[in-house]
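Here the structure comes first, spelled out in structure tokens, and everything after it is commentary.
The sequence lines fix the lettering, A, B, ..., with proteins before strands; numbering per chain opens at 1. Fair warning: this is a prediction, and the values are worked out from it, not measured in the lab.
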Amino acid sequence: MAQLSEFLTPLDLQRIGSLQVLARLVVEGYCTGLHRSPHKGSSVEFKQHRQYVPGDDPRYIDWKAYAKTDRVYIREYEEETNLRATMIVDQSGSMGYEGSGGMSKLQYASRLAACLGYLLLQQADAVGLVTFDTKVRKRIPPRSRPGHLRVVLDELQKSRPRGETDLGTVLHDLAELLPRRGMLILISDAFGDVANILSALAHLRHARHEVILLQIWDRDELEFPFRQWTRFDSMEQSGVHHLVDPAMLRRGYMEKLAAFREELTMGCRRHRVDLVPLVTDEPYAEALGKYLATRRRRS
Amino acid sequence: MTFLSAAMLAGIFAFNIPLIIHLFNRSKFKVVRWGAMHLLDSVVRKNTRRIKLEQILLLMVRAMIPVALALAMAGPVATSLRAISADTPSGLVVMLDASFSMMAGEGESSHFELAQREARRLIEALPRGSTATVLLIGHQTVALTDRPTTDLARLLDRLDAAEPTHTAAQMVPAIEYGLEVASRLPHARRDVVLLSDFQMVDWPTGMEDSLSRLTAPYRDSATAPRLSLIPVGGPIRENLAVMDKQLSSGVAAVGRPMRVEVAVRNFGLDRSAPVRGDILIDGQRRSGIRFDAMEPGELRTSVSESPLIFTEEEVGHRLIEVTIDADRLWADNAWLGSVEVVGRIPVLLVEGRRLGEFGQGASDYLYDLLQPFAAAGEGRERDLFVVDRVPMGDLRTVDLSRYRVVVICDGPAPAAEWLERLTAWVREGGGLLLFPGEQMLAQREQWNAMLLEGDVPLLPARIDGASTATGDDEPLASVLVESYQHAALRLFNDPARGDLSVLRAWKWLNLRPDREGDATISSPGRTIARFADGQPFLVERAVGEGRVMLSAVSADTGWSSMPIRRIFLPLVQQLVADLGATTVSVYRPELGDRIAVAAPGELIGREVEVVFWPLREPGTAAQADDAVRRTVRIEDRQGRGLVPLGVAEVPGVHRIRGPENYSRVVVLNAPRSESDLRRIEPERLVALAEAADGGRYDDSGGFLAASRRQHGREMWVWFLAVAVGLLFIEPWLQQWMVGRRRE
């Protein structure tokens with residue numbers, strides 16, 4: 001069974017542990033935590049009255065108010081609850097790219113997911129995991145039991161890059177599979193048709209999920225440093241390759257890359273999705289810590 | 001269009017190198033498994049066509065660089081652009097006749113000095129950047145600079161310092177060398193200009209064919225070197241040359257008067273004025289000589305005004321020098337030689353028959369003829385020879401090393417034990433004179449077998465019996481009078497010295513000289529005097545360091561009347577003296593040759609002293625340091641010793657002395673062929689120029705005017721500029737293509 005120490009160094013844990021993950025939105029939960037739930041129901045802290053409508057649970061009728069006003073009101077409570085976070089990790093072929101840093105993007109994503117899982121479970125939030133390529137490969141529902149972390153880590157350790165990617169379709173499917181609102185932490189390179197991806201993200205947002213896209217890059221993909229003649233073999237489609245002089249292509253590539261990133265950034269902003277670009281040669285824990293600090297200030 | 005160095009065109013194939021590198025890079029590509037293919041796909045799709053075009057363009061630029069460089073290095077010449085490039089650098093090889101004849105001249109300047117001035121004008125007229133050299137033609141052709149140079153100022157300095165040689169010009173190899181040097185000059189215009197007095201002897205019949213053959217390999221090339229002939233100076237009206245000197249006796253003996261006979265030829269065009277001369281021994285005047293006026297081409301001999309008498313102190317080799325005060329070509333106004341002054345020559349007379357009363361022995365007459373003063377009772381000390389006479393049987397006990405000449409008169413076949421000693425003695429330098437008689441005739445087969453067919457043949461000729469004549473219907477044999485070449489007989493070339501034709505014989509040996517004319521052996525027998533019917537009278541053979549002479553006639557009156565003829569006395573004295581003077585070899589190589597003198601193998605590794613006395617210009621005072629002394633080690637040449645003296649460049653005499661009485665003399669005189677200053681006719685000069693496919697000009701000005709722009713224009717600079725331009729364009733183009741702009 002995988003141990004947390006395989007993913008996080010003590011220094012990583014020390015940096016992340018000093019931060020608090022504060023949900024910006026109140027989600028539905030069943031464990032007491034620091035996150036505020038957007039749902040009204042059984043609670044210990046009264047929030048408001050509202051007029052009874054047929055179909056309301058008669059257990060929540062405030063009989064004292066009925067006696068005083070002769071009107072039927074329902075008591076609503078604001079309750080402290082857990083965050084339901086689901087980490088969606090892309091394990092398509094492109095995530096297997098391993099540049100000069102010696103770590104593939106999938107390895108980087110797995111460590112990142114481990115950090116988040118540990119952190120969330122430490123504060124009694126529920127953590128789930130979904131892995132996918134062209135479709136969902138594995139789905140672990142969110143749980144807040146401390147032992148649940150081992151289940152998540154085992155699945156992360158087993159993940160291997162394979163096949164093509166179809167991020168848009170997968171996210172659409174997930175929107176149907178995750179009926180309860182929560183935080184979706186999408187860890188992917190987000191390669192693919194941008195419009196399709198943004199459409200899927202909008203779908204998730206429509207289901208009132210909070211979506212965070214941790215986009216994983218390798219430095220080679222950002223700088224295209226190749227000089228000598230190179231044959232680029234597709235990691236997702238066998239038999240697809242280009243034999244080119246990279247120096248001659250670099251300018252066009254960089255322009256295409258910039259356009260891609262710009263389009264994705266603008267789309268995420270439009271749909272209120274947090275887009276966090278991360279590069280595999282950056283210390284992932286440090287990058288994650290900065291993002292969480294930013295979220296706390298915003299909340 | 002043609003090329004100076006067409007071989008460099010092979011460099012054009014270097015255009016393949018960028019192509020090969022391109023293909024090599026493509027084949028040695030790196031494989032990257034790439035994730036962001038959605039980004040790359042569209043870029044590749046969009047840019048493939050543009051990239052291919054750019055790569056082809058870049059490849060072409062890269063390929064053009066080596067092509068342009070190769071073309072530049074090949075030295076392209078646009079032959080269609082003739083007559084427009086007067087300032088184009090050119091190549092010039094000036095060939096300066098530096099032979100001995102170029103020292104002649106009519107005015108203040110010698111022909112060589114005139115040629116120097118013409119050469120200077122030619123070099124000074126060269127455009128900047130031209131390459132030139134000057135070759136001095138003598139016995140060998142010598143360049144003034146190691147290689148053709150663009151430093152024309154330095155070349156001119158060396159030209160001014162150049163001196164003519166005392167050697168004869170070797171024109172054919174010189175021109176061949178000059179053309180070869182010119183063909184390698186890095187210019188389209190290549191001229192070879194020969195400045196010479198065009199002496200007739202240097203341009204013998206057939207030179208046209210030689211020139212045509214020499215220039216033939218270059219004719220197909222538009223940039224071939226062009227040979228131009230420019231005569232310098234004019235006809236020389238006065239030139240006398242000392243041709244030879246002879247001594248009245250083969251050897252100069254102490255106390256015996258000796259006269260010197262000198263031959264002078266008038267090589268001038270005019271009748272010469274009477275001229276006086278001096279005879280010097282070791283630089284000191286010892287006698288005078290005068291010549292009357294001579295017609296052009298006439299050879300005249302004259303005898304020293306007073307006899308030379310040597311003292312005991314002068315025994316040994318002496319430098320003898322004959323000079324006449326004639327004309328400015330002074331090196332042929334003198335003749336150098338060496339004379340060996342001897343004391344009295346010890347001679348061993350071997351009697352083959354019987355010693356007794358006068359007339360019984362075969363050597364009786366010779367005994368008196370070799371010491372006439374003693375025979376006349378006037379004292380033996382006045383005689384040149386000291387004669388001991390022994391019977392043949394005593395030869396086995398006689399110490400031969402005490403004698404310089406052994407004369408054997410008749411006798412039976414030699415005994416083996418003394419024949420071996422005699423042979424060794426001759427090989428070490430002894431002189432042997434053999435007179436026949438009846439005993440030798442009777443045992444001629446044994447004589448032939450033992451002295452001719454042995455390991456070391458001593459006899460100069462095979463004895464094939466004898467001939468006789470009665471004198472009635474059979475004429476007696478008389479000695480043929482001719483121009484004798486042998487030193488011992490040259491005295492008799494002057495009839496006043498005696499007429500050998502008075503000598504008559506009624507019996508004589510039939511001699512067949514051993515392998516005469518056979519060039520494959522070093523010492524065949526040779527006939528030095530003949531009878532009137534052509535049969536040999538005297539034959540000679542060199543044996544080691546010594547010589548052997550054989551007479552066909554006996555030394556007594558049994559076969560001829562010679563012994564009682566007065567002329568027989570000087571004849572015998574000359575023969576014996578000549579044989580006695582052979583202990584030191586005199587070597588007369590040509591000036592310009594590399595001299596090496598043979599030495600005994602036992603002396604290899606030992607040192608010898610070499611003293612060189614250069615010929616001095618007549619009228620100049622002898623200096624104490626005229627002689628050049630040095631020590632030379634004897635080298636090993638396959639077991640034989642060799643004394644290397646280097647190249648002979650200056651007339652003079654080398655005297656070599658070494659251990660164990662080793663002594664040699666080397667005499668160097670200016671070549672008399674160069675004294676003949678007649679020039680070839682102007683028509684012949686034109687014919688020579690045409691044969692060489694070249695030109696003939698009166699002077700350097702004519703050459704410069706006529707040769708202006710007969711050559712093409714060099715294009716290498718343009719191609720080099722293209723190559724340099726492409727070198728700059730290539731990186732800029734590459735940067736532009738990859739989209740990087742200079743900051």
Side-chain angles (χ1 to χ4, degrees), chain A residues 90 92-100 104-106 161 164-165 167 188-194 196-197 216-218 220-222 224-238 240-261 280, chain B residues 15-66 726-743:
Chain A
D90 181 359
S92 64
S94 63
M95 289 295 285
Y97 184 77
E98 180 178 321
S100 54
S104 72
K105 293 197 291 183
L106 182 59
E164 300 181 30
T165 183
L167 184 58
S188 168
D189 52 16
F191 288 168
D193 180 51
V194 178
N196 198 16
I197 294 171
I216 311 300
W217 291 98
D218 189 275
D220 292 350
E221 292 167 340
L222 294 174
F224 207 64
F226 309 102
R227 290 290 176 269
Q228 68 183 83
W229 276 82
T230 307
R231 194 182 76 193
F232 293 95
D233 291 354
S234 174
M235 299 180 77
E236 298 187 350
Q237 294 174 285
S238 63
V240 175
H241 63 260
H242 297 296
L243 177 60
V244 294
D245 181 358
M248 308 290 284
L249 286 176
R250 187 174 184 278
R251 188 181 172 205
Y253 176 88
M254 297 303 286
E255 289 174 354
K256 184 73 179 172
L257 174 68
F260 169 73
R261 296 185 71 180
T280 56
Chain B
F15 80 89
N16 281 310
I17 293 174
L19 186 62
I20 291 169
I21 292 173
H22 176 77
L23 295 175
F24 178 78
N25 283 339
R26 283 197 61 145
S27 64
K28 297 291 287 182
F29 56 82
K30 173 181 169 187
V31 176
V32 172
R33 300 193 68 243
W34 188 245
M37 285 301 272
H38 68 294
L39 298 176
L40 203 55
D41 279 340
S42 59
V43 177
V44 171
R45 213 167 30 246
K46 182 178 174 184
N47 294 286
T48 297
R49 183 180 175 82
R50 178 184 64 84
I51 288 171
K52 277 187 178 175
L53 286 174
E54 288 177 352
Q55 283 182 337
I56 289 171
L57 179 62
L58 190 61
L59 205 56
M60 287 175 64
V61 169
R62 287 171 176 169
M64 283 297 294
I65 292 172
L726 291 172
L727 281 171
F728 281 103
I729 288 172
E730 193 271 343
W732 175 84
L733 193 61
Q734 192 178 10
Q735 291 296 313
W736 176 76
M737 286 177 181
V738 299
R740 294 182 190 164
R741 299 288 187 267
R742 291 199 178 104
E743 296 293 335

- Message: Counting heavy-atom pairs under 4.5 Å with chain B, which one of A:V244, A:L243, A:D218 comes out on top?
- Response: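 Max contact count across the listed options: A:L243.
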- Query: Can you tell which of A:S94, A:G93, A:S234 has the highest number of heavy-atom pairs within less than 4.5 Å of chain B?
  - Reply: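 Going by pairs under 4.5 Å, I would pick A:S234.
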Taking all non-hydrogen atoms of both residues into account, name the closest pair between [X] and [Y] and its distance.
X      : Y      : answer
B:W34  : A:D220 : CH2-O, 3.8 Å
A:T230 : B:F29  : N-CB, 4.2 Å
B:S42  : A:K256 : OG-CE, 3.1 Å
B:A36  : A:Y253 : CB-OH, 3.9 Å

- Task: May I have all residue pairs that pass salt bridge (charged side-chain N to carboxylate O under 4.0 Å, His left out) and include part of residues 34-44 of chain B, sequence neighbours excluded?
- Result: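 Pairs touching residues 34-44 of chain B that pass the test: none.
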- Taking atom CD of A:E255 and atom CG of B:L39, what is their separation to the nearest 0.5 Å?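 Interatomic distance, A:E255 CD to B:L39 CG, rounded to 0.5 Å: 12.5 Å.
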- Nearest-0.5 Å distance, CZ of residue B:R33 to CD of residue A:E236: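 So the gap between those two atoms works out to 10.0 Å.
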- Do A:F260 and B:H38 touch side chain to side chain, with heavy atoms closer than 4.5 Å?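 Result yes, sub-4.5 Å side-chain heavy-atom pair found.
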